[in-house]
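Worksheet: the structure to be examined is printed underneath.
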Amino acid sequence: MENYKIVELKKGIMNIIRNLNENNFLLEKDLAVFLDKCYILNHYLNNEFLDTILYDIKLKYNDNYDRLYIFRNIDKIKTFVNVI
C-alpha cells in the first residue's frame, strides 16, 4: 500500500513540476499542494536530502518565502523524485 502512495505522490509532484516548466509560474494553491506532497513523500521515505531542502523552503515559506529559492531547488527535487 505504501508503494502505491509513493508512486501517486511522485506522479503528483512531477505533474506540478511539468506544469511549472510549461507555464513558468506557480499559483499559491499549487505551491501549497506541491509542498504538501513533498512533505508527505519525505515522511514515507524519511530521507535527509529531501528533508534539508524542505526545511529550508519551510523557513522561507512561513516567513515571506522567496519563490526563487523554491524554483532553484525544483530541479533537485525533480532529480530526487526520478531516482526513487
Side-chain angles (χ1 to χ4, degrees):
M1 184 69 158
E2 280 190 24
N3 287 337
Y4 174 76
K5 289 182 181 181
I6 290 172
V7 169
E8 288 300 311
L9 288 167
K10 285 176 60 174
K11 284 183 195 176
I13 291 168
M14 294 308 287
N15 283 337
I16 292 171
I17 291 172
R18 186 184 74 238
N19 289 339
L20 172 67
N21 288 337
E22 290 173 0
N23 300 326
N24 206 20
F25 70 94
L26 277 177
L27 300 173
E28 288 297 319
K29 69 175 187 128
D30 295 335
L31 180 61
V33 169
F34 175 73
L35 291 175
D36 287 345
K37 287 180 186 280
C38 287
Y39 277 108
I40 293 168
L41 180 63
N42 188 47
H43 173 74
Y44 281 117
L45 299 176
N46 194 21
N47 185 281
E48 290 183 25
F49 176 76
L50 188 57
D51 197 39
T52 301
I53 293 169
L54 293 174
Y55 179 74
D56 289 342
I57 289 173
K58 183 176 181 181
L59 288 176
K60 304 273 185 198
Y61 186 67
N62 287 337
D63 187 25
N64 199 15
Y65 65 91
D66 179 6
R67 283 178 177 257
L68 291 177
Y69 181 83
I70 295 168
F71 291 131
R72 278 186 256 138
N73 285 287
I74 281 189
D75 285 335
K76 291 179 187 175
I77 293 171
K78 179 180 178 180
T79 301
F80 176 78
V81 169
N82 279 330
V83 170
I84 58 170

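FYI, the numbering just counts along the sequence from 1.
- Within the model, atoms CG of L35 and CD1 of I13 stand 9.5 Å from one another, a figure rounded to the nearest 0.5 Å.
- The number of heavy-atom neighbours closer than 6.0 Å to CG of N46, taken from other residues, nucleotides and ligands shown, is 12 or below.
- Between N15 and R18, the shortest heavy-atom contact is OD1-NH1, 2.8 Å.
- In plain terms, the two heavy atoms of C38 and L50 that are nearest each other are O-CD2, 3.9 Å.
- Partners of D51 under the side-chain hydrogen bond (donor to acceptor under 3.5 Å, both in side chains) rule, at least two apart in sequence or in another chain, are N42.
- For K78, the side-chain hydrogen bond (donor to acceptor under 3.5 Å, both in side chains) test picks out no residue, with sequence neighbours left out.
- Using a 4.5 Å heavy-atom threshold, the side chains of F34 and I77 count as touching.
- With sequence neighbours excluded, no residue satisfies ring-ring contact (aromatic ring centres under 6.0 Å, His included) with Y44.
- By the salt bridge (Lys or Arg N to Asp or Glu O under 4.0 Å) test, K10 pairs with no residue at all, sequence neighbours left out.
- Every side chain to side chain contact (heavy atoms under 4.5 Å, CB included) that V7 has, sequence neighbours left out, goes to K11.
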